[in-house]
Amino acid sequence: MNTLTRTITIEEAPIAIATLDNNLCFINCSNPWQQEFISPDNEIIGKSFFDVVPSTPRLFRSVLENSFSIDDNIVEEQKHIMPDGSNKWYQWSIKPWKEIDGTIGGLIITCTNITKIKRAKDLLIAAENVAKMGGWDLDMITNTIHWSRITKEIHEVPLDYVPCLETGINFYKEGEHREKIIELIQKAITKGEEWDTELQIVTAKGKELWVRAKGMPEFVNGKCVRLYGIFQDIDKKKKAEIKNAQIKERLDLATEVANIGIWEYNLHKDELEWNDEMFPLFGVKRKDFKGNFESWKATVHPDDLERCLQEFDMAVSGIKDFKTQFRIVHPDGTIKHIKANAGIFKDDEGKIIKMVGTNWDITEVVNTQLKLNKSEESFKGSFKSSAVGMALVAKDGSWMDVNDNLCLSLGYSRKELLQLSFQDITHPEDLEKDLSQLQMLLDGKVNSYQLEKRYFHKKGTIVYVVLTVTAVKDIEGNISHFISQVVDITAKIEAQKKSEEFLELTKSQNNSLLNFAHIVSHNLRSHSSNLSMLSNYLTEEQGVSEKREIEAMIVNASESLNETVAHLNEVVQISTEAEGQLQAVCLNEIVKNVEKNISALLQQKKVECQISIDQSIKVKGIHAYLDSVLLNLFTNSVKYSSPNRIPKISIQAIKSGKFIILNFRDNGLGINLERHGKKLFGMYKTFHQHEDSKGIGLFITKNQIEAMNGKIEVESIVDKGTLFKITLVAA
Amino acid sequence: MGKIESSCIIDDDPIAIYGIKKSMKEIDFCDTIVVYKNGQDAIDGLNNMVAEGIALPSIILLDLNMPIMDGWEFLDDFIKIPNNNTKAVTIYIISSSIDPRDVIKAQDYSLVSNYILKPIKSDDLLKLLSDGSNN
């Protein structure tokens with residue numbers, strides 16, 4: 001035992017150490033060994049290694065057996081399962097010892113319980129895996145780098161990859177990322193600064209990744225000997241962060257452009273935060289902003305403050321969302337209208353901890369609305385009190401609103417009118433032209449139109465108007481309804497019609513006067529020329545019989561002259577007497593009376609008479625004229641009856657508006673109207689070879705009817721009959 | 001041209017006819033005088049003459065106001081007479097109407113040579129004869 005020069009026994013060694021013989025039985029062991037494997041009172045010497053060290057794996061047995069031939073055998077980690085089932089990890093160092101003669105006498109074994117270290121290491125690896133965090137280590141002396149598995153995985157290199165400092169740096173993305181890491185490493189080496197940064201690398205497979213790189217230098221004697229640190233894949237997080245930042249930037253930009261202020265109020269701490277837009281919105285300088293509830297309260301218009309505070313309280317107590325509108329007063333006194341929306345945030349217990357809201361300036365909108373309201377009011381005012389009729393008309397023509405003046409013109413109450421459409425009360429003859437103009441308006445071809453048209457008054461009378469229709473468009477430019485202006489021109493039109501009627505009457509009177517003058521001159525001249533001629537002959541003629549003949553002719557001519565003058569006188573009387581003598585006359589009575597007066601003649605000629613006139617029909621006329629007219633028509637029909645058939649006369653009267661039409665029909669000879677129509681009612685016109693034809697009857701008849709403001713027309717077919725149609729004014 | 005062969009008077013007034021005939025005799029106006037009492041009689045009579053091949057009167061004196069068919073209607077029908085020598089006939093309107101509308105209307109008829117106001121005197125007839133010879 002010369003190797004042990006001093007008698008220090010193995011038992012005293014501070015580490016777990018034991019010596020075994022060739023049979024792997026204990027020769028001796030240190031106290032730590034004994035403490036590690038067996039209770040102190042148990043004897044260990046002489047026992048087999050495998051009896052002492054429990055659960056020695058089969059593999060370890062062969063390691064021990066091989067150790068006799070190996071000079072220095074180290075087992076870094078060996079797992080042993082204890083009898084109670086727990087695991088223990090040991091590091092073994094095994095070396096053979098020799099007898100004096102040089103033969104191997106057994107093994108010296110040291111043992112370190114590395115269970116705790118092993119567990120910590122496992123934990124670290126697990127953590128590395130979970131956090132995708134790898135480690136690295138750079139030995140500055142040997143210039144070798146060690147990468148942990150995760151680090152290699154992050155770089156997407158095979159597990160047997162061997163990096164060096166340069167290749168390691170080259171994984172960083174070229175440009176700012178690579179420059180940054182070089183700078184950081186240099187600072188660490190020269191100044192001892194640590195780093196912790198986020199950079200992009202390009203993996204072996206070409207993928208760009210965000211990593212967190214943390215590095216620490218180790219200095220010995222003022223010289224950096226080692227760099228080590230961690231390496232973490234933060235790509236997902238970083239990308240999410242970048243995306244968030246982009247979204248925030250966009251939101252900031254949007255709120256800035258839209259002038260939307262965002263605020264956040266912490267109720268517990270009474271902390272109010274404003275974004276940049278809030279300050280110009282409220283006209284508050286950032287340096288004057290105290291950042292509490294009071295700073296907001298101070299801006300609100302005094303008249304709106306109480307309401308706003310109530311609404312705020314309601315929002316906080318969850319009764320109603322904070323969605324409101326209020327006025328604020330800028331320090332310079334200008335008043336702005338603010339629209340505000342806010343949401344509330346609750347903690348886990350459901351308590352409201354903060355409110356986040358938006359504010360924006362709606363001053364312009366409010367002012368525009370005010371102006372609109374004012375113009376609407378003034379429109380309503382002028383609509384109501386307008387001197388012309390006005391209406392708001394829906395696209396289907398129904399009245400949406402009408403003013404008093406229109407009601408007055410049309411005779412309906414407002415309520416009645418609103419249940420009608422303009423089509424309902426428009427004169428049918430004017431409807432088409434109104435609708436076609438309206439269509440043009442609907443089609444956008446015109447913006448408004450104007451026309452003269454007729455409505456029906458509630459009483460049924462015609463209302464003449466000038467209508468102007470204008471389209472009203474909504475914000476999108478579509479027609480929403482129409483504004484109709486209705487100027488009642490009934491009075492004007494009636495006056496115009498009256499004056500036209502008067503003009504027509506004057507014209508026709510002038511015409512008939514002129515005609516009459518010519519008739520007079522012609523008829524009188526023919527007699528006077530005869531008389532002058534005959535009297536000339538009388539003075540020149542010598543023969544007695546000749547003279548007598550001429551004298552007889554003079555008597556004839558003067559009688560004719562008398563007769564003509566009498567006729568003309570009659571006509572003059574008709575025209576001058578009639579005025580002011582018109583009275584209501586029962587037509588049926590007149591006709592019946594005349595029929596009775598000439599009953600002898602009718603019976604003699606066997607005329608069949610059919611009279612059907614309602615007793616109630618009355619005309620404005622002169623009794624004597626109507627007698628004369630009917631007598632003339634009766635005698636004409638009898639005089640010009642056809643010898644080939646039984647004469648028939650039928651007389652009917654019908655009411656047409658304010659007129660009565662008397663139809664006097666016979667089945668007599670008829671008149672060739674194509675030939676004689678124009679002069680039928682002329683003086684001294686005859687159309688039949690008849691001795692009694694004088695050509696005065698119809699002339700007088702026409703004058704009498706016209707004197708009663710009536711007219712006479714004729715329809716006739718030769719050898720079929722004649723219809724005289726007499727229009728008289730109803731009484 | 002002096003005296004003509006035949007003339008025609010269309011008038012419903014017997015006194016006027018008497019006067020014209022008397023004046024015609026005075027100046028020996030023509031050999032024969034045909035008288036019709038209205039336009040319809042005249043058209044019928046003239047149509048008959050054409051049908052029988054008798055020459056139409058070379059001068060027609062036409063009144064305007066007549067029953068059944070007046071002077072205007074006669075003019076409208078006269079040009080319709082078939083196979084006639086109406087172009088050789090000269091028509092004069094004789095009327096007591098001084099209505100300018102009648103005078104103007106007469107000028108519209110190319111058939112009408114002149115418009116003579118009644119009463120017709122022998123001087124008027126002489127003028128007709130001389131007009132006729134100028135033509």
Side-chain angles (χ1 to χ4, degrees), chain A residues 511 514-538 540-541 543 546-547 549-561 564 669 671-672 674-680 682-696, chain B residues 9 11-27 36-44 61-77 80 93-106 115-125:
Chain A
N511 258 341
L514 190 65
N515 275 333
F516 188 68
H518 285 298
I519 289 164
V520 170
S521 91
H522 175 262
N523 292 345
L524 294 183
R525 272 200 91 259
S526 61
H527 297 299
S528 72
S529 71
N530 282 348
L531 283 170
S532 77
M533 180 185 73
L534 289 171
S535 46
N536 267 342
Y537 289 158
L538 197 59
E540 285 162 15
E541 191 56 61
E546 288 285 314
K547 273 194 174 188
E549 200 181 343
I550 292 167
E551 274 167 6
M553 276 193 275
I554 286 177
V555 171
N556 253 340
S558 62
E559 271 172 9
S560 292
L561 179 61
T564 302
L669 296 169
I671 304 158
N672 183 347
E674 210 178 306
R675 235 181 149 149
H676 307 303
K678 277 186 197 164
K679 35 180 206 176
L680 186 62
M683 198 178 192
Y684 298 125
K685 306 290 181 187
T686 53
F687 316 103
H688 294 279
Q689 302 275 20
H690 202 288
E691 285 173 23
D692 291 343
S693 296
K694 286 200 186 102
I696 194 73
Chain B
I9 304 167
D11 199 334
D12 61 328
D13 183 355
I15 297 173
I17 293 166
Y18 169 81
I20 294 166
K21 276 185 172 172
K22 198 170 166 61
S23 302
M24 281 183 171
K25 263 185 207 156
E26 267 175 36
I27 61 160
Y36 298 111
K37 269 168 44 184
N38 63 56
Q40 191 60 56
D41 284 0
I43 288 292
D44 293 346
L61 302 177
L62 177 67
D63 185 24
L64 288 179
N65 276 299
M66 289 177 294
I68 302 168
M69 183 190 278
D70 65 16
W72 304 120
E73 289 164 352
F74 169 81
L75 288 171
D76 293 337
D77 279 10
K80 292 179 198 158
I93 284 174
I94 49 166
S95 172
S96 50
S97 170
I98 52 167
D99 189 337
R101 288 175 294 186
D102 287 339
V103 181
I104 289 165
K105 193 175 173 184
Y115 188 101
I116 305 161
L117 270 178
K118 283 182 183 173
I120 308 293
K121 293 174 187 139
S122 43
D123 289 352
D124 296 323
L125 295 174

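Values below: every heavy atom of this structure, side chains too, minus hydrogens, waters and symmetry copies. Just so we're clear, the structure is a prediction, and the values are computed from it rather than from any experiment. Below, chains carry the letters A, B, ... as their sequence lines are ordered, and counting in each starts from 1.
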Least distance between heavy atoms, [X] atom then [Y] atom:
| X | Y | answer |
| --- | --- | --- |
| A:A557 | A:L531 | CB-CD2, 3.7 Å |
| A:S560 | A:H527 | CB-CE1, 3.2 Å |
| B:F74 | B:A42 | CE1-CB, 3.6 Å |

Contact between [X] and [Y] at the side-chain level, heavy atoms closer than 4.5 Å - yes or no?
| X | Y | result |
| --- | --- | --- |
| B:E73 | B:I43 | no |
| A:M553 | A:Y537 | no |
| B:D70 | B:N65 | no |
| A:N530 | B:Y18 | no |
| B:D12 | B:N38 | no |
| B:Y115 | B:L64 | yes |

Residues from residues 118-125 of chain B approaching chain A under 4.5 Å (heavy atoms):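 Near chain A, by residue number: B:K118, B:P119.
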Residues in residues 93-103 of chain B that sit under 4.5 Å from chain A, counting heavy atoms only: B:S95, B:S96, B:S97, B:I98, B:D99, B:P100, B:R101
Under 4.5 Å from any heavy atom of chain B - which part of A:S528: neither
Heavy-atom contact with chain A under 4.5 Å, split by part of B:D11: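 Contact with chain A: none, neither part.
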Separation between OG of B:S23 and NZ of B:K21, rounded to the nearest 0.5 Å: 12.5 Å
